[in-house]
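Below is one structure, written out as structure tokens; comments come after it.
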Amino acid sequence: MPPGEVLRKGAEAILVKGEWLGREALFKVRTRKAYRIPQIDDKIRAERTVTEARILASLLDAGIPVPGLLDVHLKDATIVMELVRGARLKDVVAPLRGKLARIFARIGAAVARMHGLDIIHGDITTSNIIYESALDSDDIAFRFIDFGLARHTSSVEDKSVDIHLFKRVITSTHAGDFERLFPPFMDGYKAHLEQHGRSGDFKKIERRLEQIETRGRYVEKSKRK
Amino acid sequence: MTICLGLESTAHTLSAGVVNDAGRILGVVNDTYVPDEGGLHPLKTSNHHVGCFQSVIQQALDQAGIALKAIDVIAFSQGPGLGPCLRVGANVARALAAFLSVPIVGVNHCVAHVEIGRLACKVDDPLTLYVSGGNTIVSAFDCGRYQVFGETLDIALGNLLDAFAREAGLQHPGGPKIEALARESTTYIELPYTVKGMDLALSGLLTSAINALRRHPLADVAFSLQETAFSMVTEVTERALAHTEKKDVLVTGGVAANGRLQEMIRLVSEDHGASFHAVPRALAGDNGAMIAWTGLLQFKHVGGLTMENTSILPKWRLDQVPITWRS
């Protein structure tokens, strides 16, 4: 464990505010899971560390808002990255109510760009987006974090599931604000693809999303094709 | 004092439970169908239920020390489950309600698993891991519903264990035998580990484990299967726990009886400062008491159903049910 202040204990990693070459940095340490036998645990932690670092690098290259990648220590399953300052979006949805539509449209556009690189986040949640701007400011800046389940994929299915999971999180965590969050997100996603002359791709994703929802094991017959 | 008779018949178990509104379980009797070979055939299973419902209900009443006419409310599991099996419970419930002239309540089977856990473990607002032959769901209460934070994208955890046990030639019930075999081994065979966000997929793991049987000792495969599947389920539970920050974790459903799974969930719970609770073995699997208790909660808050609304709902999701008795 690197020396420093433990900022957060997430599901799979501990975030430590430490020092890297004399500057403040965030150490994401995939700690050992006591519940998993080492044969599974070591493999999963190493695999996810490598994948996450590679994907962060690709996204940074493309200018998608993610933390800067500084260093990787494979042996301790640790990624050193830029310290992003802000609040978990999950915690500021209420005070941001007036501009949620704009924010979620921007998030939608950013996810569309990410998907355009054939990368899916794998766990888009409002806990995994850090809102950086001041709450009362007109600026909108945010960063995606936690690419632990992200991967390269070109499949419409995987991209649609990425969106579907986000929809599920909004439904379960922000049920009362669903209309303010998800439709603008989809509008932003769609607008980005249309601007890049890829509205056909959007239609494919839209269709697949509907399919995924009716595929659920317990969807009422009326909604099933 | 209101007394409810609950009938459970979603899958292989026909069960009757008698519960009062103080939350006391006065009687609960199960009769479980065990096929000679293969999995559950819905029609054969429902025939079993038809054959035993009378004696199961009578035994439950005897256990409670009451007569049939002392029942104030009839509750039945309306879904989700196998159509032919659900229909047996629904028909018996309708007939009894009409005969006794008492209200009838349709209960969601998954909600009932959560509610009996809350009652039996005296825990108010847990993150619930519900693992059985037909369901693998991580859920927590939010905005008036038991929201689903993670679930299987294909087969259920209990289904994985049962199907593997059958392929390995183990007698029903397979879960305890796999658990015992797994304790004899520490040799891990690599198997696919598939977590997608907060959801998981188990069918690829089942295929790989069955294939591994050809090359490895059964105990090693059983150990590897349990470790892989339970690690996935535990990881999904941990993700939901980190997200919801609940202070209690409840494990319910038939697979909740597995000691290794309990150990893993206990470890992540403690890691996140949450208390661990496992539903007592007698109430962890499908049972009529959970239907009776949930039926009572529902009856007290929204009353009974009209007959035309008692149709079975085989695809009824946990998160479709308004939880009116909680705020």
Side-chain angles (χ1 to χ4, degrees), chain A residues 8-14 31-44 47-48 88 90-91 120-128 146 148-151 157-158 161-162 164-166 168-178 212 214-224, chain B residues 79-80 110 134-135 139-140 142-145 147-156 186-191 193 195-199 223-224 227-228 230-232 234-244 260 263-268 270-273 313-320:
Chain A
R8 216 170 78 80
K9 214 173 129 182
E12 71 168 345
I14 289 180
T31 44
R32 285 183 189 284
K33 293 290 171 193
Y35 65 85
R36 276 195 300 232
I37 56 172
Q39 294 98 308
I40 297 179
D41 196 50
D42 292 345
K43 187 176 142 246
I44 300 267
E47 269 177 18
R48 290 186 181 168
R88 287 195 292 173
K90 178 191 173 190
D91 299 328
I120 59 162
H121 182 283
D123 191 17
I124 312 174
T125 65
T126 46
S127 308
N128 283 339
D146 196 354
L149 290 172
R151 60 195 170 90
E157 167 77 14
D158 291 335
V161 167
D162 210 23
H164 172 71
L165 293 175
F166 184 51
R168 280 263 311 276
V169 167
I170 294 180
T171 313
S172 55
T173 312
H174 308 286
D177 284 315
F178 183 85
I212 291 170
T214 49
R215 194 191 295 159
R217 296 183 312 147
Y218 296 134
V219 172
E220 298 144 278
K221 270 230 177 67
S222 57
K223 288 192 197 151
R224 204 180 276 171
Chain B
C110 306
N135 293 284
S139 91
D142 188 37
C143 290
R145 307 259 165 146
Q147 306 287 356
V148 173
F149 285 88
E151 65 187 319
T152 177
L153 296 169
D154 42 45
I155 59 173
T186 51
T187 306
Y188 182 71
I189 303 154
E190 206 175 305
L191 294 171
Y193 185 105
V195 170
K196 297 186 176 185
M198 293 212 198
D199 292 328
F223 169 73
S224 308
E227 289 302 321
T228 309
F230 295 170
S231 293
M232 286 161 60
T234 307
E235 183 183 347
V236 167
T237 306
E238 185 176 26
R239 284 184 172 273
L241 188 55
H243 190 73
T244 60
R260 178 63 178 134
E263 186 187 358
M264 287 192 190
I265 300 292
R266 182 190 297 278
L267 283 168
V268 282
E270 285 166 359
D271 219 22
H272 289 263
L313 304 167
K315 305 281 177 187
W316 201 10
R317 278 184 66 89
L318 170 64
D319 51 10
Q320 288 176 316

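For B/Thr186, the part sitting under 4.5 Å from any heavy atom of chain A is the backbone (N, CA, C, O) and nothing else. Looking at B/Tyr193, the atoms closer than 4.5 Å to chain A (heavy atoms on both sides) all sit in the side chain, from C-beta outward. Only the side chain of B/Arg260 comes within less than 4.5 Å of a heavy atom in chain A; its backbone stays farther off. If you measure heavy-atom distances from A/Ile120 to chain B, you find no contacts under 4.5 Å at all. B/Asp271 touches chain A through backbone and side chain together, each having a heavy atom under 4.5 Å away.
Distance check, rounded to the nearest 0.5 Å: OG1 of A/Thr171 to CZ of B/Arg145 gives 11.5 Å. Between A/Asp123 atom CG and B/Arg239 atom CZ the span is 5.0 Å, to the nearest 0.5 Å. Remark: B/Met264 CE to A/Ile37 CD1 distance equals 7.5 Å, nearest 0.5 Å.
Heavy-atom minimum distance, B/Glu227 versus A/Tyr35: OE1-O, 4.5 Å. In this structure, A/Ile40 and B/Ser231 approach most closely via the heavy-atom pair CD1-OG, 4.1 Å.
One side chain, B/His243 or A/Thr173, offers a donor N or O that lies under 3.5 Å from an acceptor on the other.
Taking 4.0 Å as the cut-off between side-chain N and carboxylate O, A/Arg36 and B/Glu238 do not count as a salt-bridged pair.
Side-chain contact check for A/Lys33 versus B/Thr234: every heavy-atom pair is 4.5 Å or farther apart.
Environment of CD in B/Glu263: crowded, with over 12 heavy atoms of neighbouring residues, nucleotides or ligands closer than 6.0 Å.
Counting heavy-atom pairs under 4.5 Å between each of A/Glu12, A/Arg88, A/Lys43 and chain B puts A/Lys43 at the top. Taking chain B as the reference chain and counting heavy-atom pairs below 4.5 Å, the highest number among A/Arg48, A/Lys90, A/Arg8, A/His174 is found for A/Arg48.
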